Amino acid sequence: MRNILHSINSFNEAKQVIPGGVNSPVRAFKSVGGTPLFIQRGEGYKIFDIDENEYIDFVQSWGPLIFGHCDKDIESCVLSALQCGLSFGAPTARETALIKEILPCYHGIEKMRLVNSGTEATMSAIRLARAFSKKDDIIKFDGCYHGHSDALLVSAGSGCATFGTPSSPGIPNDISKHTLVARYNDIDSVRECMQASGNVACIIIEPIAGNMGLVPADKEFLLSLRELCDKHHIVLILDEVMSGFRAGLNGVQSFVEIEADLATFGKVIGGGMPLAAFGGKQEIMDMLSPEGGVYQAGTLSGNPIATAAGLVTLCKIKNTPNLYTRLEQLAHFLVNGLQSIAHRHNIALQTSVRGSMFGFFFNQNQVKNFDDAKKSDTQLFARFHQEMLRRGVYFACSQFETGFICTPMDKGVIERVLECADESFAAIKK
Ligand SMILES: *Cc1c(COP(=O)(O)O)cnc(C)c1O
């Protein structure tokens, strides 16, 4: 057993002044038990906790760090930006430069605005979609996460899942009633929602869902969704906050030829700093204030340090040949290895990969939607997580999250992880 006394003490101290001891709930390790590790520093694919234990990190700040921790190129660009001032609240050239790196990678997106978080990006995209279509209702999918704004913290109600119910106290029914919840990878459920509403402004989807575990949408499903939106003048919002520049250089467009009316980005495009963006067709985007009437703003939006981190990250991505192919090979090597080891221990494991993103479910059957995902053995996952952590492997602390490969990893690292997995499954079976 590793010594994590300092983490335990720090967690207790944090709990005195921070609700649950954390500034974002998943960090509390609730679903796997135990104490969250307090992190001292990172280095490449590794993180070190404040007791100086070392871990192979598959969380990578929940996605942003495609080049791992403390990448020298990113570090030096951020340092030189720092020396020019932290924030001005006035335009800087780097904002345009960053957006010009993103736009050519995404068909159909002509203009973009920078914000500070994925939550802001999706919230603003929805306001814009409602203004553009002059309708009020939105459709989202059960198991997709788009940040924590009121309209999007809605889950499928019981019974025939059309009109959603708030998934958090504090959200008025008057708001959640405008959000309908459809089933992922099920186009008929979308049609049902559209019929129930008759007033749908937009559909928002993670085209590669990463927040119920990794569940990519089927190609046919996405294309049907696009068709439905065109036919009924509904704005299609592709939320690529996680998958953008993670699954591939072109997000979902690396896999399926689909255009968005609006798209949202975050995580990788900020290179580890708080930065996100929403963009879309010019005629929609030009409705934003001051060009148009739709209000949206931010004191720190387009922050110079964040744009420096984002810009160098995107340039480095484009200058690294075979980046996604190499990361995807490592991801396959990992999940295929996990699957055959699990199989040897008589444990059923479902896996998937999209570029540098990977997921695995302790589940007998293939996972296509959130109902399938929820049938996974979360107890077994919790045991596995604890055993792996004990051996120095840091996976996301929930069955319903995605794992991330970063460039400093190589086959040798994955081989070590697979040895740990073999020992962990053996320990669990004992
Ligand atoms: C992380 C995430 C968000 C929210 O982004 P924050 O920066 O945490 O607000 C929104 N959508 C998706 C798909 C995400 O993965």
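What you see is a predicted model; the values in this text were computed from it and never measured. Side chains included, hydrogens not; waters and symmetry mates left out as well; all remaining heavy atoms used. Atoms within each ligand, like the ligands themselves, are counted from 1 in listed order.
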Margin query: Once you measure the plane-to-plane angle for Tyr184 and Phe141, does it fall in the parallel (<30°), tilted (30-60°) or perpendicular (>60°) bin?
Written below: perpendicular
Notebook entry, point to check: Do Thr92 and Glu95 have side-chain N/O donor and acceptor atoms under 3.5 Å apart?
Noted result: yes
Next item on the list: Would you tell me whether Glu240 and Ser243 have side-chain atoms, one donor and one acceptor, within less than 3.5 Å of each other?
Entry: yes
Checklist line | Cys229: partners by side chain to side chain contact (heavy atoms under 4.5 Å, CB included), with sequence neighbours left out | finding: Ile203, Arg226, Ile234, Leu236
Next item on the list: Classify the angle between the aromatic ring planes of Phe361 and Phe400 as parallel (below 30°), tilted (30 to 60°) or perpendicular (above 60°).
Entry: tilted
Next item on the list: Examine the side chains of Gln296 and Arg127 and answer whether a donor and an acceptor come within less than 3.5 Å of each other.
Entry: no
Next item on the list: Non-hydrogen atoms closer than 4.0 Å to ligand 1: which protein residues do they belong to? List them by chain and number, please.
Entry: Ser117, Gly118, Thr119, Tyr145, His146, Gly147, Glu206, Asn211, Asp239, Val241, Met242, Lys267
